[in-house]
Amino acid sequence: MTTLQQPLPTSTGKSLGNFHLDRFVPLNEINTELRLLTHQPTGAQVLHLYNDDPENLFCLSFRTLPTTSNGVPHILEHTVLCGSKKYPIRDPFFSMTRRSLNTFMNALTGSDFTCYPAASQVGKDFYNLLEVYLDAVFAPQLTRISFLQEGHRVEFTQANDPSSPLMFKGIVFNEMKGVMASPESRLWYATMAGVFPDITYGIVSGGDPKEIPNLTHDELIDFHKTFYHPSRCIFFFYGNMPLTDHLSFIEQHALQGVTKKPPLPSIPKQPRLGAPTRTRKPYPLYLSEGEDGRDKAFISLSWLTCHILDQEELLALLVLSTVLMDHDASPLKRALLESGLCQQADAVIDEELSEIPFVLVLKGCNEDDASRLENIVFTTLKKLAAEGVPNELVDAALHQLEFHRTEIARGRYPYGLSLFMRSALLQQHGGDAENGLLIHSLFHQLREDCKDKNFLPSLLQKHFINNKHFVRTLLYPDTALAEEEQEREKEKLQKVKSALSSEEKQAIVDQETELKRWYAAQGNEEIDLLPNMALEDIPEESRDYPLDKESCAPLTLFFHNCFTNKIVYCALAFDLPALSMEQLPYVRLFSYLLDEVGCGGRNYIDNLKYIQKHIGGVSAHLEINDQLSSNDFSPFLTIQGKALSHKADKLCSLLVDMTTSLDLSNVERIREVLVQHYSDLQQSLQTNALSYATHLATSSLSTSAMVANQWYGIEYYTFIRDIVEHFDTKKEGLITSLSALNKSLLTCESPHLIVTCDAEDYKQMSKENFFGLTNLPHTKKPSWKPLPPPSSIPSQGRVISSEVSFTAQAFPSLPYTHPDAPLLSLAARIFCNETLHTRIREQGGAYGSGAVNRPLSNDFYFYAFRDPNICSSLQAFQDAVNELIEKGVTAKQLKEAKLEVIQKLDTPISPGSRGMTAYCWMRDGRSKALRQQFRSKLLQATAEEVSTAVKKHIAPKMDAATSVAFAGKKLLERENIALCGKTRHELAIKNI
């Protein structure tokens, strides 16, 4: 690669080789420089954000505009990653995940775009990934067989037996069945169809399972030709690697010899509705015995507002959304909750679309109350428009928006990808990318605008009160719908089969045989065509975050010094006292309530307003804290908060108030929060089904796992359900239990305060004695005591409204300090790479599968999710173990596993989380020396050692492993028949 050595220009009109600098913007607020360049021969755009961040990210982004819900952009996103011109192997994407030190790899389908992001902290690895991605998106094979695997196909339910019924298979097909199991997903798609009846946003870009089988292979290829072209791509780069190297690389690997194409036309504006529309649709709901469908309707109230290029107006709408709906004391949310007609109310503004929908989502409703709820909304909005929006609400909303744009956060996604979403998508719509990144300058103008008392009321009139483009969508529960949809699919397949000739039936059998040969050829593929990282490229040292400790009685202080963009992060940690089994779920509930009630003499409404005005966020968390030095654990509770450094006094004062003066006297507020909490748990049951299955499957393996299930598993779900359904008879005992916990949980002999910020801000806080935190009450109390050992549980299936399964199979593993623990972590990756991915995802059609060794909690589990099978997946778990033992481990398999485990160990941690990470390492005994010992053993492990460890520690435990599946009742019953046929124990089917 020839590097362009010219200095980076800072004035527009300059060139770097064939690249013309269109825009240079210093973004001092986020320590970033933005450059937008155009490749003159092709018209390709490059958006570069230089930031001194070692986690470099690229993202290749295309506008993709479907016209039907057959899932073509989503299936194409999958299929382009199934082999390309330079890398003609079946699965380069998943192969690269184990030949790389990437910190992130994915592909994402949005409503009007598809993007391909990847991140790494190693230059060689970064360009390896970029090369594979470039060839994938611009020169994919798009073979028919990849289309059948990733998209959809029909097969006979009995292999090679044309007399058996047909069934649909396909990875995206099953993925979207899982998505459609969520009523919230169904509500969103129905809402968008109503708001955008004439343009692409009314389409299900991910694909509706009813429509996906209509997509043809030729349509997929044509869609790629239209939208995937270098001229129509935004090449996004973020991080501290040189821009000149990026430009040289993409010119060499993607832009040479490319003929320029005209840009795609802009997305047309949605013609405005002449009058409001109101629709109602069913969603599938499974009810346990004794339950009814009351208060289980979902309602959305939606308005189409401004264009994305009207950034100032969009920002003002975000302020209005925050004012109206940000927390339970916000005026519109308060009115809705106090009505008693809905259990939850939230606002959604989709900032990525060309025209911005504003959507109110109301959950836990009775469908007969839809008009009353609509009336409450308009009455409240009219009142605010007439009386004006109070200044303190506007100031608090501006504070929240500024805070969250300032924070350097890495949650599920790298920080660079969040900046891509804010900037490149705006650029893709024809806007100026920097407007999505500017903070203080944009907010300064907005503050000036808000000084006009008519500014926000006029927007309320324009976009809500007088806006005829209003859509009300109601989703009502239908307990028969799931079965009806399955029957309709069955009838459709029967119709397809009845029209098949004998030759066409044989073609389906031949197709299945061809797929099996394709899967079997995996080991013969020339995987080494792909670029690779050497083990020598792996950093030998474990990463570390220094944590200074000092005593400031009664506190013990821990401080991590790093750049946080002038944000202070504080956490108070309290050891849990002796607790009974009966108290455990109350502890989780208490932690949930901590930031939802009043304190410091403020009622909950005033406290929520205080938080919104001064604090970036506050929450409580429970930590299991397994101890490495013993087979025990030492749980603790933390209250964590964050604030701009000039508001550190407000944050510390709040922590003092939450610790010393919590108000649990408002029974109606506690009822309200509980109802919302249960509603959240209920609606996310499908989304979190794999987590519930894993907690349940591991709950009998150790006392700490049993506690985790009481806090985060299905046991907690049923505990909250019982309280909500019998609140009037249980409220007195509930308040008594919570009040007792308030006295016992938030004191200890020496509370710990963990602070993460820069040294200057810490010094200032220390001067002020942390604004009252050093005067916290402290007392010696009974320390944590051993609980009764967990009881064994049977393998079981739990019934949910889902046509696909979420399955976990668990058994005991080895502790972190055991010399074989790193070997089992390597084995887990080999199981996935060599058996599970092919058997469960590619052949079985599940969205995902894997194996996880957790040496901290001393357990091991296999999993499969959004899986149309259970029996064959459980068999694949067993076969993965058997095949490793029979075939042994190759040098290539071992190397790839090492790279993958190191990826997880070296995942970057955002600045605000580093102090707490270091504290948790200290609490559980994971010293740098022990972490280095684990890492060194992992890197030095031999193939024979891994095989021996699997024979010794995993194979003997498989027969006694506990299996748990969450799925629809029919799927569970069908798979139980198969399980019995294979002499396996059937799953005990239970309601939740």
Side-chain angles (χ1 to χ4, degrees), residues 59-84 91-94 105-118 133 136-137 140-153 168-182 184-186 188-190 192-193 196 199-228 232-233 264 267 350 352-353 413 417 421 425 428 687 803-804 841-842 845-848 865-868:
C59 189
L60 311 175
S61 184
F62 305 90
R63 290 173 66 197
T64 48
L65 310 175
T67 56
T68 75
S69 294
N70 61 13
V72 61
H74 189 187
I75 294 170
L76 181 60
E77 172 228 301
H78 280 238
T79 313
V80 300
L81 298 172
C82 291
S84 61
D91 203 351
F93 175 79
F94 281 98
M105 276 183 74
N106 212 332
L108 309 170
T109 302
S111 297
D112 60 8
F113 73 95
T114 306
C115 69
Y116 297 83
Y133 268 79
V137 298
Q141 291 182 310
L142 300 183
T143 62
R144 182 184 65 86
I145 204 160
S146 295
F147 170 71
L148 295 173
Q149 173 190 277
E150 300 295 325
H152 68 88
R153 64 186 184 274
F168 286 123
K169 296 186 82 171
I171 291 170
V172 171
F173 178 79
N174 284 315
E175 177 188 355
M176 294 310 295
K177 276 205 167 185
V179 170
M180 291 300 183
S182 163
E184 290 175 289
S185 296
R186 291 202 184 212
W188 182 256
Y189 292 133
M192 291 299 98
F196 297 103
I199 64 174
T200 191
Y201 300 127
I203 298 299
V204 181
S205 62
D208 185 329
K210 295 190 294 293
E211 299 294 328
I212 286 173
N214 298 329
L215 176 66
T216 68
H217 184 221
D218 287 341
E219 287 176 309
L220 184 88
I221 292 171
D222 289 343
F223 196 85
H224 179 270
K225 288 177 181 176
T226 300
F227 295 104
Y228 282 56
R232 295 171 175 174
C233 177
L264 291 166
I267 297 172
D350 194 331
E352 297 172 1
L353 309 189
Y413 298 137
L417 187 56
M421 294 292 183
L425 297 182
Q428 209 156 263
T687 309
E803 292 185 49
V804 287
R841 179 181 166 95
E842 294 180 341
Y847 184 65
F865 64 100
R866 291 179 181 170
D867 184 5

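All heavy atoms count here, side chains included; hydrogens, waters and symmetry mates do not.
With a 4.5 Å cut-off on side-chain heavy atoms, Asn174 and Arg866 do not count as touching. When side chains are defined from C-beta on, Phe227 counts as touching Leu65, because their heavy atoms get closer than 4.5 Å. Contact check for Asn70 versus Glu219: side-chain heavy atoms found under the 4.5 Å cut-off. Looking at Thr64 and Ser205, their side chains never come closer than 4.5 Å, going by heavy atoms from C-beta outward. Asp350 has its side chain out of reach of Tyr201: every pair of non-hydrogen atoms, C-beta onward, lies at least 4.5 Å apart. Put simply, the side chain of Val179 reaches to within 4.5 Å of the side chain of Met176, judged on heavy atoms.
Residue Pro140 forms a side-chain contact (heavy atoms from CB on, under 4.5 Å) with just one option from Leu142, Val137, Thr143, and that option is Leu142.
Pro117 and Leu108 make their closest contact through CG-CD1, 4.4 Å (heavy atoms, listed as atom of the first residue, atom of the second, distance). Closest approach of Asp112 and Glu352 over heavy atoms only: OD2-O, 4.0 Å. Residue Gly206 comes nearest to His74 through the heavy atom pair O-ND1, 2.8 Å, listed as atom of the first residue, atom of the second, then distance. Across all non-hydrogen atoms, the minimal contact from Cys59 to Cys115 is SG-CB, 3.5 Å. Among all heavy-atom pairs drawn from Phe223 and Leu76, the shortest one is CD2-CD2, 3.7 Å. In plain terms, the two heavy atoms of Thr200 and Ser111 that are nearest each other are OG1-O, 4.2 Å.
Interatomic distance, OG of Ser182 versus OH of Tyr189, reported as 9.0 Å (0.5 Å rounding). Atom OG1 of Thr79 sits about 9.5 Å away from atom CG of Leu148, to the nearest 0.5 Å. Note that SG of Cys82 and CD of Gln149 are 5.5 Å apart. Values are rounded to the nearest 0.5 Å. The distance from the CG atom of Leu425 to the CG atom of Leu353 is 10.0 Å, given to the nearest 0.5 Å. A distance of 12.0 Å separates NE2 in His78 from CG in Leu220, rounded to the nearest 0.5 Å. Within the model, atoms NE2 of His217 and CD1 of Ile221 stand 4.0 Å from one another, a figure rounded to the nearest 0.5 Å.
Taking the six-membered ring where tryptophan is involved, the planes of Tyr116 and Tyr133 are perpendicular, since the angle between them exceeds 60° and thus also 30°. The aromatic rings of Phe147 and His152 sit perpendicular to each other, their planes meeting at more than 60°, with 30° as the lower class boundary.
At a threshold of 4.0 Å, the pair Lys169-Glu842 does not count as salt-bridged, since none of the basic side-chain nitrogens sits closer than that to a carboxylate oxygen.
At least one donor-acceptor pair under 3.5 Å links the side chain of Arg186 to the backbone N or O of Met180. The closest donor-acceptor contact from the side chain of Arg841 to the backbone of Tyr847 lies under 3.5 Å. At least one donor-acceptor pair closer than 3.5 Å links the side chain of Arg232 to the backbone N or O of Thr226.
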Checklist entry - When you look at Thr68 and Glu211, which way does the side-chain hydrogen bond (donor to acceptor under 3.5 Å, both in side chains) test go after all the steps? => result CA-CA 8 Å; Thr68 75; Glu211 299 294 328; 5.9 Å; no
Item to check | Test ring pair (Phe, Tyr, Trp, His ring centres under 6.0 Å) applied to Tyr228 and Phe62, step by step | outcome: CA-CA 6 Å; Tyr228 282 56; Phe62 305 90; 4.5 Å; yes
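A cation-pi arrangement is not found for Arg153 relative to Phe168, the charged atom failing to lie both closer than 6.0 Å to the ring centre and inside a 45° cone about the ring normal.
Under the 3.5 Å distance criterion, with hydrogens and angles disregarded, a donor-acceptor pair is assigned to the side chains of Glu77 and Thr109. Judged by distance alone, the side chains of Gln141 and Ser146 never bring a donor and an acceptor atom under 3.5 Å apart.
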